[in-house]
Every structure is written in structure tokens, then in C-alpha cells.
**Student:** 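Provided herewith is a single structure, encoded as C-alpha cells, for subsequent inquiry.
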Amino acid sequence: MSEIGTSIIQFIVEEQRAHPNSTGSLTGLMSDIVSSCKKIAHLVNRSGIIGLGGAAESENVQGEVQKKLDIITNDVMVDHLNWTGHLAGMASEEIEEIIQIPDEFPKGKYLITFDPLDGSSNIDVNISVGTIFSILRCPEGVDNPTVEDFMQKGTEQVCAGFCVYGPTTMLILTTGNGVNGFTLDRDVGEFILTHPKMTIPEDTAEFAINMSNQRFWEQPVQRYIEECVQGVEGSRDKDFNMRWNASMVAEVYRILTRGGIFMYPIDSKIAKQGGKLRLMYEANPMSFIVEQAGGLSSTGHQRIMEVQPTGVHQRVPVILGSKNEELNLKAVPPVSLLLVGLQGS
Ligand code: P6P
């Protein structure tokens, strides 16, 4: 290990060595994602100086007004990844259709889904934002993947990660062998291993939910949150704290470091669309990471990574975090109706 510590590339290559049959393609792909995140970190950090703040004149497939950086960071991901020969196709929160690899470039054996700048509404108020990504295998013999080829459960993910652009820029990564955190050392331009083997504390006294939606929640969620707020004066044996960053990457990173429960449950306002957060490039990658760190992640009715996708931009309810609090959610009837699927996970 050099005096600057273990770089993310060194870490990834050493992980590859544990798989003697590997071709190095996943290592190459992760290295290209790391480069994308470095570029995005630079753009986010300088956005106010180089005039990249504020809204673009367009909407994304979700009908949400795009920020200039939503579009630019999407282009960074596509331009850094489409020529590498590691991918057969991409799916982005910002693009309705599957992104095909141009014919002039070789096709690879992986698929990637990503949200290039999650929480981008926070850019103009200087709150952490992030890039979330998920890597799947492309079905054998498929050179031009369709939406159907992406419809794989979260359990099929090969790798998942996110980069949080906050007071420090951190990249959190799992390939199914635990979760590791890397901090960007801007002096040398390297992500350095600073948080090896991250694990979520099994207990917590901190919940994260957008309380302004309270009147729209299902009864079990109303009751669960009410009991957290009541603390020792109610049925719980402790008082709770609350956080809401409106940035999933910031919430999940906090939970990885000190535990917690993050909830974006179904509610009557968003019931028709199935939830707020997107399965393929938010809920699934974050669930892979949370489970690999010893936490749990459910829709409230089943394990998120068991949801059979029906669309690239499909939305799901999300309840994830500290294992015992999730289990406690089950124990607080009728919330157990909410988490009936967790028994199996
Ligand atoms: P709300 C950001 O737009 C996001 O997709 C997640 O990162 C975040 O947790 C959630 O939506 C915030 O939603 O309704 O509080 O703005």
C-alpha cells in the first residue's frame, strides 16, 4: 500500500484477483465509473462558478424539470462509458429509452443503470447530491439489449455503488463481498480506501422520512412514526431523532455510518405511480449496499431486491436501514402488514 493509502483501483484489482476466471471487464467498467464520478465531482464543486447551477429548459421522463447538471452529468456518464467495450447498453433516469452502444464501439457483457445526479434539486441550495449506479449481466448472446433485458431482479446485480458529493466526495461500492467507502483525495485525484467493511448498526434511534406527506401515509406508517415521535412517553423504549436531506445518497451514507431508518413509503398522493423512488437505479443499488452492510430493505410488503421489474423507470416504496428497527417495524402491528415480506429475507 502506497503512502497515500489503498486506491480504489488497487482495491478493485485485488478483488478481481479473488476471481481467477474473471476477464477484467468488470474491473475496467468500475474504473471507468470512477473516472466519471471524478469528473462529476469537479462539475458539481464548480457549478456556481462556471454557471452550471439552475434549471434547464427541459423535463425528464418523470416529468420533472431538469437541472442543467442533470443533463451534463448524464452526458458525462454516457461519454465515459459507451466506448469502453464493457457494456452492451445503459439506462439513465434522465433518458426515457435504453441507451444503445454506438455501432463504432465494441459491445461488452454488462448493463448499467444509473441516476447521474440524484437529489439534484439540492444543487442550488448547496446540499449533498450524488450519482447512483447498478451493474447487471447482459443476457448471453444479446448485442442490442431491449428493456426486457434490463428487467432483472435486484438480486441479479453484479455491482452497485454511489458517489456522494458532499463536504467530502465519497464513493461507496459493493460487488457482493461487503461494502467499502473511498474518499476522493483531490490533491492526488484518487479515491482512497478510508471506510473498509462498512456495517450498519443493527439498532437505531433515528428515522428519515418527509413528514410533510404524513396525512397521505398508510395507517401502519402513521402509527410507526407516531410511536417514534412519542419515544419513551409512548410504547417505545427510547426517544428518536429525525433527519430529512431530500437526497437519498446522503441519507444512505448516514445510515451506513451510524444506523437509521430511511422511509419513502407508498402514500395516497403517489399511489398511482407506485411510489417515489425508482427501482432500477435508486432502490435496487441502495438495497444491495444496505443488505451487504447488514441492513434490510423492503417496499413494506416485500424485499426490494426480490421485486420483478416491469419497467426501467418503475417506482417503488422504500423502507431501508438498521436491521432490528426494520424487524421492530414488523413487531408493531399492524405495521407487520406493511413488512410481511421481510420474514423471508
Ligand atoms: P422529496 C431526490 O429527488 C429523491 O429522488 C431522493 O434522493 C430523495 O430521498 C427524495 O427524492 C426526496 O423526495 O419528496 O422529499 O423531495
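Both counts, for ligands and for their atoms, begin at 1 and track the order of listing. Note that the structure is predicted; figures quoted are calculated from it, not measured.
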**Student:** With side-chain contact (heavy atoms from CB on, under 4.5 Å) as the test, pick out the partner of V249 among V129, D115, L117, V164.
**Tutor:** V164
**Student:** Going by the atom numbers of ligand 1, which of them fall below 4.0 Å from some non-hydrogen atom of A246?
**Tutor:**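 Counting from 1, the qualifying ligand atoms are 2 (C), 8 (C), 12 (C).
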**Student:** Give a yes or no answer on whether the side chain of H313 reaches the backbone of I95 with a donor-acceptor pair at less than 3.5 Å.
**Tutor:**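 Such a contact is found between H313 side chain and I95 backbone.
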**Student:** Report yes if some N/O of N213 lies less than 3.5 Å from some N/O of ligand 1; otherwise report no.
**Tutor:** no
**Student:** Under a 4.0 Å N-O cut-off, is there an ion pair linking R254 with E251?
**Tutor:** yes
**Student:** Should L111 and M305 be counted in the same cluster of Ile, Leu, Val, Met, Phe, Trp and Tyr side chains packed under 4.5 Å apart?
**Tutor:**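 Not linked; separate clusters.
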**Student:** Starting from atom 14 (O) of ligand 1, what is the nearest protein heavy atom, named by residue and atom, and what distance separates them?
**Tutor:** Y264 OH, 2.6 Å
**Student:** Determine whether the side chain, the backbone, both or neither of L277 has a heavy atom under 4.0 Å from any heavy atom of ligand 1.
**Tutor:**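 The side chain, only.
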**Student:** Return the OG to NE2 distance between S31 and H80, rounded to the nearest 0.5 Å.
**Tutor:**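 Here the interatomic distance stands at 10.0 Å.
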**Student:** Among all protein heavy atoms, pick out the one at the shortest distance from atom 11 (O) of ligand 1; state its residue, atom name and that distance to 0.1 Å.
**Tutor:** K276 CE, 3.2 Å
**Student:** Identify, by atom number and element, the atoms of ligand 1 in contact range of N210, meaning under 4.0 Å from any of its heavy atoms.
**Tutor:** 1 (P), 14 (O), 15 (O)
**Student:** Which of the atoms in ligand 1, numbered in the order shown and given with their element, are less than 4.0 Å from a heavy-atom of W244?
**Tutor:**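 Within the 4.0 Å cut-off of W244, ligand 1 contributes 12 (C), 15 (O).
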**Student:** Quick one: do N210 and S212 satisfy side chain to side chain donor-acceptor pair (under 3.5 Å)? Show the steps, please.
**Tutor:** CA-CA 5 Å; N210 183 337; S212 69; 2.5 Å; yes
**Student:** Testing M280, R278, E282 for side-chain contact (heavy atoms from CB on, under 4.5 Å) with R315, which one passes?
**Tutor:** R278
**Student:** Specify side chain, backbone, both or neither for R278, according to which of its non-hydrogen atoms lie closer than 4.0 Å to ligand 1.
**Tutor:**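 Answer for R278: side chain.
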**Student:** Checking the N or O distance criterion of under 3.5 Å, is ligand 1 in contact with E282?
**Tutor:** yes
**Student:** For the residue pair F262 and W244, does the interplanar ring angle fall in the parallel (under 30°), tilted (30 to 60°) or perpendicular (over 60°) class?
**Tutor:** parallel
**Student:** Who's the nearest protein heavy-atom neighbour of atom 9 (O) of ligand 1, and how far?
**Tutor:** M248 N, 3.5 Å
**Student:** With heavy atoms of G119 as the reference, note each atom of ligand 1 found under 4.0 Å away.
**Tutor:**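 So the answer, numbered in order with elements, is 2 (C).
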**Student:** Taking the side chain as every heavy atom from C-beta outward, state whether I209 and W217 have any atom pair closer than 4.5 Å.
**Tutor:**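 Touching, per the 4.5 Å side-chain cut-off.
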**Student:** Does an N or O anywhere in S121 fall below 3.5 Å from an N or O of ligand 1?
**Tutor:** no
**Student:** Does an N or O anywhere in F262 fall below 3.5 Å from an N or O of ligand 1?
**Tutor:** no
